[in-house]
Amino acid sequence: MTLRLAIITDIHHGPPTQTKRGDAALALTAEFVRFANEQGVDAVLELGDRISDVDPATDHDNMAEVARLLDGLAMPRHHLDGNHDLIHLDRADNARILGHEAGHRIVPLGAWDLVLWQADPATRNDGIRGLALKDDDFTWLADVAKQATRPLLIASHTPVSPHPMTGNFYFENMPQCGAFPQAAAMRRALGEARVPVAAISGHVHWNTLAADDGITYLTQQSLTESFTTSGEPAGAWGVITLGDDIRWQVFGLDPFEARFAPAATRWKPVMQWPREAHAADSERVAS
């Protein structure tokens, strides 16, 4: 039996900032709610950054406006907090406004386990802009992968995908803000799973698909991003269908579609070339 989830991320309700069309967020969120209800999906997954942060009072009011719209969903919904959600509000504030629990959790959905990985997205405080992944967050997800007995769909706000940032408006020149510094180590830990695994995230404001060691990593476009859509809000939301294969379709002005078969086996380790071969190649390039 297949399972269908509707996915929305990076709503960014609030004032327009850079290429985020926060002025369109509420109308587009209402359209998403109508879409999900009409489609009759099994659940909704919201990946964080519901607001663009301004100040505590404004953030509270904007978050409450988004929550009121999402309350119109006829099916269960699952939330993650994004970095903008946690500038002036804490996790308890977000959970109280949304009426949903926060933190890491595993939700059984049909034959799959939905893994909600609420890794702390706080920036470092050493004068360098970037993301920091706490040891406890790393260990929690690594343990989940190692102990898994059912297929996993891992959802997070910030990706650990190996996709490059070339061309990304926000992150090409600041890749340390687009992924955790331990992303490669996290992917190796996920490779310890002996069940099918896929991962989906938001944060980077574009649609991507990348694979590493038999695990497929997806990132979904922001609802209100405009850098790929000539200044118009993308109006992006997705539907992912989980079964023997996975089908993912993103709607809106920046559409994307993919189909792949998640495997319980991992890839053969990459080939290690003899040092002599590297030297010979270098000599040929030099000549």
Side-chain angles (χ1 to χ4, degrees), residues 5-105 107 114 116-123 131 155-158 170 200-205 220-226 232-239 251-252:
L5 306 180
I7 301 173
I8 187 171
T9 188
D10 296 271
I11 295 170
H12 283 291
H13 174 38
T17 58
Q18 296 169 311
T19 60
K20 307 181 193 80
R21 287 291 307 277
D23 55 310
L26 292 182
L28 289 172
T29 301
E31 287 186 28
F32 168 75
V33 170
R34 286 194 293 270
F35 170 86
N37 287 339
E38 289 171 1
Q39 290 290 311
V41 296
D42 297 292
V44 164
L45 178 58
E46 187 270 310
L47 297 175
D49 273 2
R50 291 171 285 278
I51 60 170
S52 290
D53 57 281
V54 177
D55 58 53
T58 303
D59 289 4
H60 182 282
D61 291 346
N62 286 345
M63 187 76 69
E65 288 181 325
V66 173
R68 280 193 289 271
L69 288 174
L70 296 177
D71 281 342
L73 289 164
M75 64 288 300
R77 69 181 198 258
H78 307 285
H79 296 278
L80 291 164
D81 296 334
N83 46 297
H84 287 273
D85 302 324
L86 297 171
I87 301 296
H88 299 297
L89 305 174
D90 61 21
R91 292 208 191 283
D93 294 327
N94 278 265
R96 184 167 52 253
I97 295 168
L98 292 168
H100 284 68
E101 63 180 307
H104 303 313
R105 55 208 185 276
V107 180
L114 172 63
L116 295 157
W117 186 45
Q118 185 58 79
D120 190 346
T123 55
L131 296 169
S156 63
H157 178 69
T158 302
Y170 290 97
I200 189 161
S201 307
H203 184 62
V204 290
H205 288 217
Q220 185 170 297
Q221 175 63 286
S222 159
L223 180 72
T224 55
E225 184 52 65
S226 71
E232 294 297 317
W237 56 71
V239 172
F251 300 88

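From a predicted model like this one, the values you see are computed outputs, not experimental measurements.
Judged purely by atom type and a 3.5 angstrom limit, Asp85 uses its side chain to pair as donor or acceptor with the backbone of Asp49. The backbone N or O of Asp90 sits less than 3.5 Å from a side-chain atom of Asp93, completing a donor-acceptor pair. Remark: the backbone N or O of Lys20 is not paired with any side-chain donor or acceptor of Asp10 at under 3.5 angstrom. Under the 3.5 Å distance criterion, the side-chain polar atoms of Ser226 are matched with a main-chain donor or acceptor of Thr19. Distance alone, capped at 3.5 Å, is enough to place a donor-acceptor pair between the Gln220 side chain and the Ile7 backbone. Counting only distance, with no hydrogens or angles, the side chain of Asp42 and the backbone of Leu5 share no donor-acceptor pair below 3.5 Å. Listed for the His157 side chain is a donor-acceptor partner under 3.5 Å among the backbone atoms of Leu47.
Of all the heavy atoms in Asn62 and Gly14, the pair that sits closest is ND2-CA, 3.8 Å. For the residue pair Gln221 and Glu225, the shortest heavy atom distance occurs at OE1-CB, 3.3 Å. For the pair Ala6 and Val41, the tightest heavy-atom approach, listed with the atom from each and the gap, is CB-CG2, 3.9 Å. Contact detail for Phe35 and Val239: the closest heavy-atom pair is CE2-CG2, 3.7 Å. Scanning all heavy atoms of the two residues, the minimum distance from Ala155 to Leu114 falls at CB-CD1, 4.2 Å. Closest non-hydrogen pair, Glu46 versus His79, comes out as OE1-ND1, 2.6 Å.
Taking CH2 of Trp237 as the reference point, atom CD of Gln39 lies at 10.5 Å (rounded to 0.5 Å). The structure places CG of Leu89 at 9.0 Å from CZ of Arg96, a figure rounded to the nearest 0.5 Å. A distance of 9.0 Å separates CD in Gln118 from OG in Ser156, rounded to the nearest 0.5 Å. Once rounded to the nearest 0.5 Å, the distance linking NE2 of His12 with CG of Leu28 reads 13.0 Å. To the nearest 0.5 Å, the span separating CG on Leu70 from CG on Leu98 amounts to 7.5 Å.
A 4.5 Å side-chain heavy-atom check between Arg77 and Asp71 finds at least one atom pair inside the cut-off. Proximity of Thr9 to Ile200: side-chain heavy atoms (C-beta onward) are nowhere separated by under 4.5 Å. The shortest distance between side-chain heavy atoms of Arg34 and Asn37 does not fall below 4.5 Å. A 4.5 Å side-chain heavy-atom check between Asn83 and Asp53 finds every atom pair outside the cut-off. Residues Thr29 and His13 are not in side-chain contact: their nearest non-hydrogen atoms beyond the backbone lie 4.5 Å or more apart. Using a 4.5 Å heavy-atom threshold, the side chains of Phe32 and Ile11 count as separate.
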Query raised in the report: Does the side chain to side chain donor-acceptor pair (under 3.5 Å) test come out yes or no for His84 and Ser52, once each step is laid out?
Result: CA-CA 6 Å; His84 287 273; Ser52 290; 5.2 Å; no
Requested in this report: Check the pair Val44, Met75 against side chain to side chain contact (heavy atoms under 4.5 Å, CB included), reporting the backbone distance first and the verdict last.
Outcome: CA-CA 7 Å; Val44 164; Met75 64 288 300; 3.8 Å; yes
Report task. List the steps and the verdict of side chain to side chain contact (heavy atoms under 4.5 Å, CB included) for Asn94 and Arg91. Result -> CA-CA 5 Å; Asn94 278 265; Arg91 292 208 191 283; 5.7 Å; no
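Classified by interplanar angle (parallel below 30°, tilted 30° to 60°, perpendicular above 60°), the ring pair Trp117/His104 is parallel.
Shown here is His60, whose NE2 atom has no more than 12 heavy atoms of other residues, nucleotides or ligands within 6.0 Å.
For Arg50 and Asp81, the salt-bridge test passes: some basic side-chain N is under 4.0 Å from an acidic carboxylate O.
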